[in-house]
Amino acid sequence: LLLNLMLETGSVEWPVSSVLCKLLTSGTITVSGKRILEIGAGTALPSLTAVQLGAASVTIQDTADYRDPVKWACHLPSVPILTGTWDHLLSQPPPPADLILASDVFYERPCFPNCMAYIAHVLGPNFAAEAVVVFSERSVNYNVDPLLDAFGLFAEYMESQSADLHSFRVRIKTTSL
């Protein structure tokens, strides 16, 4: 049982997280001077990278069952931590963010709508903000495009080096990329 707890999804550094970090370090996605929110942060590698690249502020979010906030506090002592599921966080005012980072948040299909709803919730008050989502495709039978549409969002897909890896920028539909 202890081994299973140690191998929870939030305790593993998934390869997609490294891909998101490469987008940040290459300058494809600019974080310097921006307020960053990493959702489904897991080990928070993109947040650590954003801090190193000069983000104005970083906030990390994940569910309490996956995260031990003490681990984050050791690496990011001045970073606010939001714990709770996306549907729970929808009832709270969104944190200020210019850029949402999300790597492999589309892991469990039942979570997809709540994740997209939370992204829309955070982007809503700030039309200049965007989300960058990178994920591995686990099923060709499910597409996030209808969810984008349902929550008034649109995406610009970014070039990928792998057929099963997807990256896109998300914004509220009333703005242009």
* To do: Using the side-chain hydrogen bond (donor to acceptor under 3.5 Å, both in side chains) rule, collect all pairs that involve residues 20-30, keeping only residues at least two apart or in two chains.
  =>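 Only S26-T28 qualify under side-chain hydrogen bond (donor to acceptor under 3.5 Å, both in side chains).
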Side-chain heavy atoms of [X] within contact of [Y], under 4.5 Å:
X	Y	value
S17	D104	no
D62	T83	no
E130	V170	no
L23	V134	yes
L101	I39	no
L123	L153	yes
R169	I29	yes
W86	V105	yes

* Asked: Which residue pairs satisfy the salt bridge (Lys or Arg N to Asp or Glu O under 4.0 Å) criterion with at least one member in residues 85-96, sequence neighbours excluded?
  ->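 Matches after skipping sequence neighbours: none remain.
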Atom pair [atom1] ([X]) and [atom2] ([Y]), whose distance is rounded to the nearest 0.5 Å:
X	Y	atom1	atom2	result
S103	L45	OG	CG	8.0 Å
T49	I36	OG1	CD1	11.0 Å
L82	H88	CG	NE2	9.5 Å
L37	I119	CG	CD1	9.5 Å

Specify the closest pair of heavy atoms between [X] and [Y], including all atoms of both residues, with the distance to one decimal.
X	Y	result
A44	I60	CB-CG2, 4.1 Å
P95	V122	O-CG1, 3.9 Å
E38	P46	OE2-CD, 3.3 Å
P93	H121	C-NE2, 4.2 Å

* Asked: What pairs with F168 under ring pair (Phe, Tyr, Trp, His ring centres under 6.0 Å), at least two apart in sequence or on another chain?
  ->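 Applying ring pair (Phe, Tyr, Trp, His ring centres under 6.0 Å) to F168 gives F135, Y157.
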* **Partner residues of S91 under the side-chain hydrogen bond (donor to acceptor under 3.5 Å, both in side chains) criterion, sequence neighbours left out** =>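 None.
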* To do: Return the set of residues passing side-chain hydrogen bond (donor to acceptor under 3.5 Å, both in side chains) with S32 (not counting sequence neighbours), or none when no residue passes.
  =>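 If we apply the side-chain hydrogen bond (donor to acceptor under 3.5 Å, both in side chains) test to S32, skipping adjacent residues, there are no hits.
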* Asked: For S57, which residues count as a side-chain contact (heavy atoms from CB on, under 4.5 Å) partner, sequence neighbours excluded?
  ->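 Checked S57 against side-chain contact (heavy atoms from CB on, under 4.5 Å); matches are R35.
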* Residues in side-chain contact (heavy atoms from CB on, under 4.5 Å) contact with L89, at least two apart in sequence or another chain ->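 Applying side-chain contact (heavy atoms from CB on, under 4.5 Å) to L89 gives Q61, Q92, Y118.
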* To do: Check for a donor-acceptor pair, side chain of N126 on one end and backbone N or O of A97 on the other, with a separation under 3.5 Å.
  =>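 A pair under 3.5 Å: yes.
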